[in-house]
Amino acid sequence: MGKKAKRRAPAREETQTTPEEDQGSSLQPPEGDGPGQGSTLPEPPTPGGPQDAPKRPKRQSALPGQATADSNRPSRNSDLSSDSSENAEETPSETRERKSLKGAKQKQKEAKKAAKKGRKPPKAKEEKPGDGAPGELKKRLDELKKAARDLGVDDALLATNVALLQAPKKKSSKKDKAKMSAEVAEKLKADMEAQAKRLEELIQRKKEEDRLAAIEKDKRETLEQGWREEQLQETQEQIRAILDHHALSGQQEKAVIDWKNYLECGKLPSPAMCDQMNTYLHLWALDLDTTTIEGASARTSDAIQLMDALDELIDTSHPTDPKLANWKWIGGLFRQYQAASLDVATYRLLRNVEHNLNRLNIATADFHFKDDHVTMSLWLRVMLPVPLPNPRRPPKPRPDIAFEPLQMAALLPPTVDCDGAAIRAMYQKYDHLSDLSATYALPPAPPDYAMDLLAIIRKEWRVQLQYKYDNRDDPAKTVARQENVEWQVGEEEPGEIPVVPFKQLKPTASDHALWVEDQLYEAARQNMRVDAPDHVINLRRLVILGGVFHLNLLAQPPQPQDFVTMDLTLTTLSLPKQLETLPFRVVYTPYVPAEAPSSSSTSVRKLPEELEEEQKRQEEELDKLIAISLKWPPHVIFLELPVVCRWDDATNQWSTAEIHDVKHNEDKCTLSFRTGVFGVYGLATCRYANLPFQAYDIKPEMDESVTVQLTAAILMLEFNVKNGLIAITQLQNSPNMTLQDSVGLYMKLHRLKRLMKEAGIDIFPSFDAFCYVDGCSEKQWPMEQHLYFNVAQISGCFNFAWSRWNLQAGRRKIVLQMRPYAPDKGSKQKNHQTLLVTPLRAAFIDCTEVSQAFNEQEVESLKVSDAPITCLSVSDSVLAVLRRPVPLDGDHQWHLRAQQGAQRLSAQRARAGAAAALHPRAQLLLETSQK
């Protein structure tokens, strides 16, 4: 072995002095592996590691009296010399080779010994090419790769700069692996260090590119913000002018109506005049004790007319109107007087049964009355002389009463024999109780909901400036990003925020502003949601539809006594002279059959006799309750099965706590239920059964009107807006003929809203509708409202339609289709283009309804993204761009063509119609928002 070492020594010296290895030795070691970063000192050798062996220095010339390695070669006997003398002449690689061979022989001996003893030999550890490289270098390379990917470096570029030394593909023997040379290991180390250096340079280059791009983006955003505010300021002034004109027109129209009413000298007061309404109530109170059923009916008609006018004033008035509280207070008084008049009329009917009621037979009598608003029926057992006790007399049958005018029936329990009592069943076409519930009123609107787009854009920009200022390079001012954004919700600090030098932040200022907005929206959604117990009807999610039903157990007042000898009647009266309600309540306890013993291993099937006995027990418990059956009101639309509920006077809420055994017959539109109390009952149904909307289409007509087609979740509707009025032109998929008599009638928008809501068609969702409807696409409120106004402004010459990409676009993006539309061309219209609207811009994108995936790339021929395009209609955006003296892309010819197109577009907009008719379009779009 010594001979081999001496023969290879010269070759080893030449290999270690190659320029390639000298260059590799000067590479920077990884952090922590050397004396300092950037140091070129060699690493200390690691025991047992061929990669870390130091280079063998050149041999010095022999001293006098000594033989050199080349002249005095050792003899064969020198192989038997001691290991120390041999190691002194061996190179480090030869020493490791010798030791590996020795270790392999030792392992073979151990394997033979284990085989003799019957044990499994230990498995030798298989070495892989490159395992000898320092682990710190591998870890460093992995960290650099991860940092590069985090910065967005392309994988192809990363693979070009990182190419590890590939091991030979052919399978090597254990002996070859053990004889891996130190040159390969050191070359691998040098290659990994070079890769690390290239990666560091790549990361630094990427960071510098990102920094320069961020500086350019910051400058562009600052410039665009100024342009954006300038355009939005002009657009908001146009919207305010339209709204002010519409409000002024409404005031003038109201003044004309009031003057006509004054000249007519009608019997009803002006609802807006609180003094006249108070006088009317005072005169009503003077005649209240002498009210008959006919007088109560007339008063009910007048009261409902006045209350509808009051509701219209409340809906259309400003929240800060000083008369608003007085109108609500007077409306409550009218409801009390109207309910009292019906009770007085009922009391006067019961005071003289012989004269006022119809005798069905000797023992019973009834009464029926019906008008446009109230239907009432009375049933009672006539008070007869008490007979002598007779044990053979059969018991009285259970009162089973059919109220035919109401299409209602009631089966009373055996405990109610109606001796000295009367049953009143009354149906009111209106609901004067729901607005007393705690869940009826809208929750407070979030502050951002009432802000226009210009204000919300400025607020967002101020948040960005504040974020940059708080994270400026100032040691005395260091503000970390907080998870709580309460400081953002409060009032903004007065004054301007100083502009600080650019600093690359992560997250960026725009991302931080979006994060703050997301937090505020989530908090607003949680605050506006109204939660109620399971048995309480949440009137933000449900609505009482079709009016209310009364079923009361009343005490019969004393009847007049006629004297036979003279024309005289004597009546005993009890004070106060009013209806007396008899108490009745049954607590229902469902029958629970006894369970089988748990010790039985197999289930025992019950006998028919046992099942019949359990059913009989259940029927006995249910027979203790009042059984009521009725038919759905025919003038409303129930798109879902109604929920039966009862008004609780103690809590002023609709509740299902004492309603049991509800059964529906959808074909006959009837239902039946059982309850343990008398009172007021209602039918509740889902308020937003028609949400979410499926499609919409807005287009102009030949007569300068605008048609809005809306496909809801169940119904299909079509509206026409003309001369400031709106009408339903089509109503499809309705289960009955409700609202068919109103098709084609033009009216004010607020009246149409009330008419449709009372009929069960609520397509005008409030701002909290998203809390109770699944599958909706909620958008940013100011952006959405601003877009509706823009669509209404140019709906006289453009066609807008829904897009299937809008649902998944996100909260800050609205996707719709748009095209110029000429009604006189019929079906020969241009194709739709997809419009993407955000709070910051609006542009056509290269995407259609049949595209495989959503693409936000803007159309080059109509590219306006470089301009400060806000959430305007595209026509306004183009016009705003053309006001700039320099064209967008430097193409002067394109700019001239665009100016000519803008002039034509302005002429089309001038023919869109009067400004007064624009507001109803925008208001309709605001209410029927595409969710």
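Computation of the quantities below employed the complete heavy-atom set of this structure, encompassing side-chain atoms and omitting hydrogens, waters and symmetry-equivalent molecules.
The two residues Leu639 and Gly760 have their closest heavy-atom pair at CD1-O, 4.5 Å. Of all the heavy atoms in Phe789 and Ile239, the pair that sits closest is CB-CD1, 3.8 Å. The two residues Tyr521 and Pro782 have their closest heavy-atom pair at OH-CD, 3.9 Å. Looking at every heavy atom in both residues, Gly796 comes nearest to Pro700 through O-CB, 3.4 Å. Taking both residues in full, the closest heavy atoms of Trp805 and Thr848 are given as NE1-O, 2.9 Å, listed atom of the first, atom of the second, then distance.
Partners of Asp452 under the side chain to side chain donor-acceptor pair (under 3.5 Å) rule, at least two apart in sequence or in another chain, do not exist in this structure. Residues satisfying the salt bridge (Lys or Arg N to Asp or Glu O under 4.0 Å) criterion with Asp448, sequence neighbours excluded, are Lys459. Residues satisfying the side-chain contact (heavy atoms from CB on, under 4.5 Å) test with Leu465, not counting sequence neighbours, are Trp461, Ile497. Scanning for ring-ring contact (aromatic ring centres under 6.0 Å, His included) contacts around Phe767 gives Tyr449, with sequence neighbours left out. For the salt bridge (Lys or Arg N to Asp or Glu O under 4.0 Å) test, residues two or more places apart in sequence or in another chain that qualify with Lys503 are Asp473. Applying the salt bridge (Lys or Arg N to Asp or Glu O under 4.0 Å) criterion to Glu517, with sequence neighbours excluded, gives Arg811, Arg812. Remark: Gln808 engages no residue in a side chain to side chain donor-acceptor pair (under 3.5 Å) (not counting sequence neighbours). Under the rule for a side-chain contact (heavy atoms from CB on, under 4.5 Å), the partners of Glu856 that lie at least two apart in sequence or sit in another chain are Lys813, Leu836, Phe854. The side-chain contact (heavy atoms from CB on, under 4.5 Å) check on Arg804 picks up Trp802, Glu849, with sequence neighbours excluded. Every side-chain contact (heavy atoms from CB on, under 4.5 Å) that Asp824 has, sequence neighbours left out, goes to Met702, Ala822.
Defined by atom type and a distance below 3.5 Å, a donor-acceptor pair is present between the side-chain atoms of Asn720 and Ser705. Between the side chains of Glu229 and Gln233, no donor-acceptor pair is found at a separation under 3.5 Å. Side-chain atoms of Gln730 and Gln732 include a donor-acceptor pair closer than 3.5 Å. When only modelled atom types and interatomic distance are considered, Ser803 and Asn806 share no side-chain donor-acceptor pair under 3.5 Å. Judged by distance alone, the side chains of Thr508 and Lys506 never bring a donor and an acceptor atom under 3.5 Å apart. Side-chain contact of Gln817 with Thr834: a donor-acceptor pair under 3.5 Å is absent, judged by distance alone. Using modelled atom types and a 3.5 Å distance limit, the side chains of Glu701 and Thr707 yield a donor-acceptor pair.
With a 4.5 Å cut-off on side-chain heavy atoms, His512 and Val516 count as touching. Side-chain contact check for Leu739 versus Met756: some heavy-atom pair is nearer than 4.5 Å. The shortest side-chain heavy-atom distance between Trp515 and Pro507 does not fall under the 4.5 Å cut-off. Thr235 has its side chain within reach of His786: a pair of non-hydrogen atoms, C-beta onward, lies under 4.5 Å apart. Leu749 has its side chain within reach of Lys753: a pair of non-hydrogen atoms, C-beta onward, lies under 4.5 Å apart. Within the 4.5 Å cutoff, the side chain of Ile761 has heavy atoms near those of the Ile637 side chain. Side-chain contact between Leu787 and Leu816: present, with at least one pair of heavy atoms (C-beta onward) separated by less than 4.5 Å. Taking 4.5 Å as the limit, every side-chain heavy atom of Met818 sits out of range of all side-chain heavy atoms of Gln833.
Other residues, nucleotides and ligands contribute more than 12 heavy atoms inside 6.0 Å of the CZ atom of Arg687.
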Verify side-chain contact (heavy atoms from CB on, under 4.5 Å) between Val791 and Phe798, making sure each step is shown before the conclusion.
-> CA-CA 8 Å; Val791 169; Phe798 281 90; over 6 Å; no
Take Lys779 and Trp781, measure what side-chain contact (heavy atoms from CB on, under 4.5 Å) needs, and give me the verdict at the end.
-> CA-CA 6 Å; Lys779 304 299 179 181; Trp781 299 316; over 6 Å; no
Stepwise side chain to side chain donor-acceptor pair (under 3.5 Å) test for Glu312 and His750 | CA-CA 8 Å; Glu312 183 176 338; His750 61 271; 2.8 Å; yes
Please walk me through it: do Ile726 and Tyr746 pass side-chain contact (heavy atoms from CB on, under 4.5 Å)?
-> CA-CA 5 Å; Ile726 185 171; Tyr746 285 85; 5.7 Å; no
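Going from atom CG of Leu454 over to atom CD of Glu230 covers 11.5 Å, rounded to the nearest 0.5 Å. Here Arg228 contributes atom CZ and Leu453 contributes atom CG; the two are 9.0 Å apart, rounded to the nearest 0.5 Å. One distance of note links CD of Glu460 with CG of Leu514; it measures 6.0 Å at 0.5 Å rounding. In this structure, Gln466 CD and Asn471 CG are separated by 10.0 Å, a value rounded to the nearest 0.5 Å. Distance check: Arg819 CZ to Asn799 CG gives 4.5 Å after rounding to the nearest 0.5 Å. If you take CD1 on Ile698 and CZ on Phe800, they are separated by 7.0 Å, rounding to the nearest 0.5 Å.
Not a single donor-acceptor pair under 3.5 Å links the side chain of Ser766 to the backbone N or O of Ala769. Between the Tyr772 side chain and the Val530 main chain, a donor and an acceptor come within less than 3.5 Å of each other. A donor-acceptor pair under 3.5 Å is formed between the side chain of Gln694 and the backbone N or O of Pro692. Checking side-chain atoms of Asn690 against main-chain N and O of Leu715 turns up a donor-acceptor pair under 3.5 Å. Asn733 places a side-chain N or O within 3.5 Å of a backbone atom of Ile714 that can act as its donor or acceptor partner. Of the possible donor and acceptor atoms, none in the side chain of Ser851 sits under 3.5 Å from a partner among the backbone N and O of Cys847. Using modelled atom types, no side-chain atom of Lys699 and backbone atom of Ala801 make a donor-acceptor pair closer than 3.5 Å.
Screening residues 240-254 for salt bridge (charged side-chain N to carboxylate O under 4.0 Å, His left out) gives Glu253-Lys748, Lys254-Asp258 as the qualifying pairs, with residues at least two apart or on separate chains. Residue pairs that meet the salt bridge (charged side-chain N to carboxylate O under 4.0 Å, His left out) test with at least one member in residues 315-324, sequence neighbours left out, are Asp315-Arg754.
Ion pairing between a basic and an acidic side chain is recognised when a charged N comes within 4.0 Å of a carboxylate O; Asp531 and Arg529 show such pairing. A salt bridge links Asp703 to Lys722: at least one charged side-chain nitrogen sits closer than 4.0 Å to a carboxylate oxygen.
Partner Lys468 forms a side chain to side chain contact (heavy atoms under 4.5 Å, CB included) with one of Val500, Val463, Val499 and no other, that one being Val500.
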